[in-house]
Structure formats: structure tokens, C-alpha cells
Enquirer: 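Once you've had a glance at the structure underneath, I'll fire off some questions.
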Amino acid sequence: PSPRRRVYRDFPGHQKKTVFVELESLSCNKDMAALNAGAPQAPTDHQATAAVRRVILDHDGGADDIVALALLCAAPFADLPESYPSVAAAAVTEGGASSPAAAADTQRLSELRGRCHAVALIGVVVTDADCYAAPAREASEKVLKLFEPLRRSVSARQGSAAPAVPPVRVASFKGTAEPFPDEWRKDCIAIGDLPCLNTFDDAAAAPGGDDDGFDEGMTGEELMARLVLDAPAPVTIVVTGPLSSVAWCIRTHGRAWCDKVDEVVVMGGAVDVKGNVIATNLPKKVPTAADAGGGVPSVDESAEWNIYWDAPAAKAVLTCPFLDGKLVLFTLDATNHVPVSQPFVRSFGKIHRKRGREEAAAASALFPRHPSSLAQLFGSAWAQVTFLALQFGETRGYFAWDVLTAAYVLEPRVCTFYQCTLDVNATRGSPSEGRTFRVDDKSGPLCRVAKDVDNGAFYDLVRLVAAVV
């Protein structure tokens, strides 16, 4: 197990902070007291130079999923060589004078390198849940192609850990409960039409034409299994949609697959807050007890959509003994603290504007497809959903559910965690179908559940990445 997991397993009294320290550094009672008191610890030199985290993203095509994908695509900046900013400087150097824009990029890049893990995105699975699979896959491939120059620039350092264009496949699952609302599923079409994702000059440069080394007929769950089993080091699975593919891998390959997994980082569930599956959001008229005079809806608003869509799969994952200590959950309890507000979305326009012509020229060397495209992509994708807070109220607005989950892979200290054992109500037709709840079963796998989010640090991290790439 990694040092990160050992800390939690060996010292179960630690409930407050995500602490990243080597066991060898716990050499005195003072260190132990700091852990159990939840005192934050600085990363060690070893952690600062830790190996690249290999990541598979399993998403379901919503606006937030695509932004999460883009954030992970940008993550190789943390593994760039120290000389990398000079590439940008060379693009705008005149008369031997370095550009102020290049100096600013160098400073931002240095700050990010000090804060974030280096990430190698090795594959993408699209689940046909909160999206339509074909346009969601197309949008994903456009994002990956957009970042290809950046990824190629670090491939020599990351080697086989970092394919320039990771494979994308669609999972075969259709869910066990009601489908996501149709008006939500259409978002992936609009995302794929964004101008910043359609900058390719000819068909040869367009997404989808690369040979990624995998059979085109392979399903998303088969791709996930193959990538993990064949990986030279443990893989982190980030799931921002339903857990169907992870459950299939467990069912098909058992412990052999789980042993090759570093963490399963999940956006899903609601433990101490209301869920977001409500009768008015269900695409069909769901029979209610009120129809028979009982006055109680058939869904009790305790479930969250990603878990509800395939509750048996979620139950299989959260209760899998082979994933003990490897499960990390971002439930609505945490994601409710990161609303996608109008001021936040509009700030990406300021990032793009402040770069100016000179900075755009510098960025074009780093990111030749389109200067400042990350700020444009983040802002444009999220701009499509800010109206929801006005229409339905702030508590039913749009939140950075999936981006917070992905940000944890880069910067684990964006929130604190507590440990518990969880289960899921998988009874079809139950009012609480898909509800995630704590259990007292000490033999069950421990999960780390996100609790207190430093939303200022989260927003700053996303904006900082957008200012560099």
C-alpha cells in the first residue's frame, strides 16, 4: 500500500486532515499527536518527487465531467522540467529580452509544481448516463486532442505512463433505475460544439483518427480492466458518473484487478444531506403513495444521481473487501460547498483577457492548438449552467461536483476527510433506492469521505491551472 493509505490504516484515530507523510517520519510522539489532532503536515521531499499518478477517468459526459477531463489533461504541468517555461520565453523574446508574459507563466508554473501531483491520464471511459454516449465520446476526444501538444512535451519524462492521446471507449451499461433527465443529457452536444474545441484545420488533425492500440470494439469496462491489469504501477480510478464499470471489473477480475488499483475516487452519494434525485427530475411519472392516498412520494430525496442510476454497482464497489482503504468519496456533503457561481465563471474571461497578445504568443508555444483555451473551455462549459441557480434556487443550482473530485487527484489537501464504512440501498423501487449510508460493520472496507472543503483553495487552483495552460 502507498504511504498515503498506510497513514490512515495504521493510525485510525486520525479523522480530520488528509495527511501525506512517510511512516518513517513519524519518529516521535509529537508527530503522532499532530496526526491525531488533524494538524496539516507539509509534504516531504520524497513526495514532491513522487512517481507520476496513472489515472483513468470514468465520466458520463456532463459539463462538469468535461471540465474535470480538461483539468486532468492539463495536469502534466506538474511534471514539466524546470526549463520548460523557456519554451514560452523563446516565442516572445525580442532583442534578447525575455517577455514579462513568459516570466509570469514561469512563476505560475513553479507554484503549481509545488502544490500538485503529476498526473498521467492513461484512458477515458464514457458511461451513457448523464449524456448521450456518442457525442460525449466525441467531446472527450476533442478535449484530449486539444491537449496533445502539452502531453507530448512531457512524454519523454513520463514514458509509457503518458500516452499523448489516451484511448476513449463507451461502457455498455444502461443503468438499473430511471434514466437521467433528457434535458440534462443533451449538454454533451453543446459542449462538443464549443468553438475552443473545434480549432482543427483539417480532417487529419481532427479527433478520433488516431490508432490508440486498442480494439475499437472494446467496451469501456474492458478498457478499464485492461489498462489496470497491464499497468506497471497501481492506477487511480476517478469516477464522476455511475460505478458500473468498476463493479464489472471487480466481478470479472476480482482481487487481481483490485490489487493493481491505487485508489477509486468517486463523485457520488449523500450521507448527511439531502440527495438530488427528486420526483420532478425523473423523466417518467413515478407512481407515488399519494396516488393511493398515502401522501408520500416514491422517492424520498435521499439518493444522489450517480449512485441511484446503478445502485447495485455502487453497493458492489463500496462493500468490496479488496478495496479496503482505497475508496475515496466526494458526496454531496462536500460538493455542496463548491457552487458554480456567475462571478466564478466570469473570472475565466478575465484570465483570458489579462494574458493579452504577448501572453497569448507565449502560451502558443506551450499550447499551440489555441492560446488560453483552458480558460475558454472552463468558462464556456460552465456558462451554460449558471442559470440553474436563478431558475431553481441556489440549493438546486449547479456545483463543481466532478471537478472537485478530479482536483483531489492533483491537490489532495483541498478538503478534509473522515473514515467510515458505507453501504447502498440497492432495492429496486424502494423510496430510498440509491441511498448511501453509514454502517457499523467493522469488517467492511473503510472509505474516506470528503467533509470540509477549502472552497477558496479549490477555486484558486482551478483558476491557476487555467492561467498557465
Enquirer: When you measure from the side chain of Asp460 to the backbone N and O of Ala457, does any donor-acceptor pair fall under 3.5 Å?
Expert: no
Enquirer: Stepwise, does the side-chain contact (heavy atoms from CB on, under 4.5 Å) test hold for Ile250 with Leu323?
Expert: CA-CA 10 Å; Ile250 295 170; Leu323 294 178; 3.7 Å; yes
Enquirer: Find out whether Val238 and His59 are in side-chain contact, i.e. whether some heavy atom of one side chain is under 4.5 Å from a heavy atom of the other.
Expert: no
Enquirer: Picking from Thr436, Leu332, Val273, what satisfies side chain to side chain contact (heavy atoms under 4.5 Å, CB included) with Glu304?
Expert: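 Among the candidates, only Leu332 passes.
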Enquirer: Between the side chains of Asp60 and Arg185, is the shortest nitrogen-to-carboxylate-oxygen separation below 4.0 Å, so that they form an ion pair?
Expert: no
Enquirer: Would a distance-only check, ignoring hydrogens and angles, find a side-chain to backbone donor-acceptor pair under 3.5 Å from Lys260 to Leu229?
Expert: yes
Enquirer: Under a 4.5 Å cut-off applied to non-hydrogen side-chain atoms, are Val299 and Glu433 in contact?
Expert: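 Counting from C-beta outward, Val299 and Glu433 never come under 4.5 Å.
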Enquirer: How far apart are the closest heavy atoms of Ala381 and Ile191, and which atoms are they?
Expert: CB-CD1, 3.6 Å
Enquirer: Stepwise, does the side-chain contact (heavy atoms from CB on, under 4.5 Å) test hold for Cys415 with His337?
Expert: CA-CA 11 Å; Cys415 58; His337 297 285; over 6 Å; no
Enquirer: Rounded to the nearest 0.5 Å, how far apart are CZ of Arg169 and CE of Met218?
Expert: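 Arg169 CZ to Met218 CE: 7.0 Å, rounded to 0.5 Å.
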Enquirer: Does atom CZ (Arg463) have a neighbourhood of more than 12 heavy atoms from anything else shown, all under 6.0 Å?
Expert: yes
Enquirer: Indicate the atoms forming the closest heavy-atom contact of Trp257 with Met224, along with that distance.
Expert: NE1-O, 3.8 Å
Enquirer: How are the rings of Trp309 and Phe180 set to each other: parallel, tilted or perpendicular (split at 30° and 60°)?
Expert: tilted
Enquirer: For the atom pair CG (Asp402) and CG (Leu71), what is the distance rounded to the nearest 0.5 Å?
Expert: 11.5 Å
Enquirer: At their closest point, which heavy atom of Ala63 faces which heavy atom of Asp187, and how far apart are they?
Expert: N-CB, 4.5 Å
Enquirer: Measure the acute angle between the ring planes of Phe348 and Phe378, then classify it against the limits of 30° and 60° as parallel, tilted or perpendicular.
Expert: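 Perpendicular: the ring planes of Phe348 and Phe378 meet at over 60°.
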Enquirer: Can you name the one residue among Leu329, Val328, Val265 that meets side chain to side chain contact (heavy atoms under 4.5 Å, CB included) with Arg448?
Expert: Val328
Enquirer: Just how far is it from atom CG of Leu327 to atom CG of Leu422, taken to the nearest 0.5 Å?
Expert: 8.5 Å
Enquirer: Measure up the Phe417 and Phe330 rings against each other and bin them: parallel (under 30°), tilted (30 to 60°), perpendicular (over 60°).
Expert: perpendicular
Enquirer: Is there a side-chain contact between Trp305 and Pro181 (heavy atoms, below 4.5 Å)?
Expert: yes
Enquirer: How long is the span from the OG1 atom in Thr335 to the CG atom in Asn455, to the nearest 0.5 Å?
Expert: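 Reported to 0.5 Å precision, the distance equals 12.0 Å.
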Enquirer: For Met267 versus Thr240, what's the shortest heavy-atom pair and its separation?
Expert: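 Looking at all heavy atoms of both residues, the closest pair is CB-CA, 4.2 Å.
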Enquirer: Look at the side chain of Tyr398 and the backbone N and O of Asp64, then say whether any donor-acceptor pair between them is shorter than 3.5 Å.
Expert: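 Pair found, side chain donor or acceptor close to backbone of Asp64.
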Enquirer: So do the side chains of Val228 and Ile237 get within less than 4.5 Å of each other, counting heavy atoms only?
Expert: yes
Enquirer: Mind checking whether Phe399 and Trp401 have parallel, tilted or perpendicular rings, split at 30° and 60°?
Expert: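 Correct class here is tilted.
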Enquirer: Answer with yes or no whether the side chains of Asp423 and Thr319 bring together a donor and an acceptor at under 3.5 Å.
Expert: no
Enquirer: How far apart are the closest heavy atoms of Ser140 and Val126, and which atoms are they?
Expert: OG-CG2, 4.0 Å
Enquirer: Do NZ/NE/NH1/NH2 and the carboxylate oxygens of Arg137 and Glu141 come within less than 4.0 Å?
Expert: yes
Enquirer: Going through the checks in order, is the side-chain contact (heavy atoms from CB on, under 4.5 Å) test met by Glu411 and Val465?
Expert: CA-CA 12 Å; Glu411 168 55 290; Val465 174; over 6 Å; no
Enquirer: Is there a donor-acceptor contact under 3.5 Å linking the side chains of Ser244 and Glu221?
Expert: no
Enquirer: Do you know which of Pro431, Ser430, Ser302 makes side chain to side chain contact (heavy atoms under 4.5 Å, CB included) with Asn425?
Expert: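 Testing each of Pro431, Ser430, Ser302 against Asn425, the sole residue satisfying side chain to side chain contact (heavy atoms under 4.5 Å, CB included) is Ser430.
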Enquirer: About how many Å separate CG of Asp58 and OG of Ser245, when rounded to the nearest 0.5 Å?
Expert: 4.5 Å
Enquirer: Taking it one step at a time, do Asp310 and Leu243 satisfy side-chain contact (heavy atoms from CB on, under 4.5 Å)?
Expert: CA-CA 7 Å; Asp310 192 348; Leu243 283 158; over 6 Å; no
Enquirer: With side chains defined as the heavy atoms from C-beta onward, is the minimum distance between Asn276 and Tyr308 less than 4.5 Å?
Expert: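 They are not in side-chain contact.
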Enquirer: If you compare all heavy atoms of Gly434 against all heavy atoms of Ile307, which two are closest, and at what distance to 0.1 Å?
Expert: O-CG2, 3.2 Å
Enquirer: Side-chain contact, heavy-atom cut-off 4.5 Å: Val462 with Phe458?
Expert: yes
Enquirer: Going by side-chain contact (heavy atoms from CB on, under 4.5 Å), name the residues that satisfy it together with Val345, two or more places apart in sequence or in a different chain.
Expert: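 Per chain and number, Val345 pairs via side-chain contact (heavy atoms from CB on, under 4.5 Å) with Val340, Trp382, Ala383, Thr386.
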Enquirer: Below 4.5 Å, heavy atoms only, C-beta onward: do Leu144 and Leu121 meet side chain to side chain?
Expert: yes
Enquirer: About how many Å separate CG of Asp262 and CZ of Arg54, when rounded to the nearest 0.5 Å?
Expert: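 Between Arg54 CZ and Asp262 CG, I get 11.0 Å after rounding to 0.5 Å.
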Enquirer: Do the side chains of Trp248 and His253 get nearer than 4.5 Å, heavy atoms only?
Expert: yes
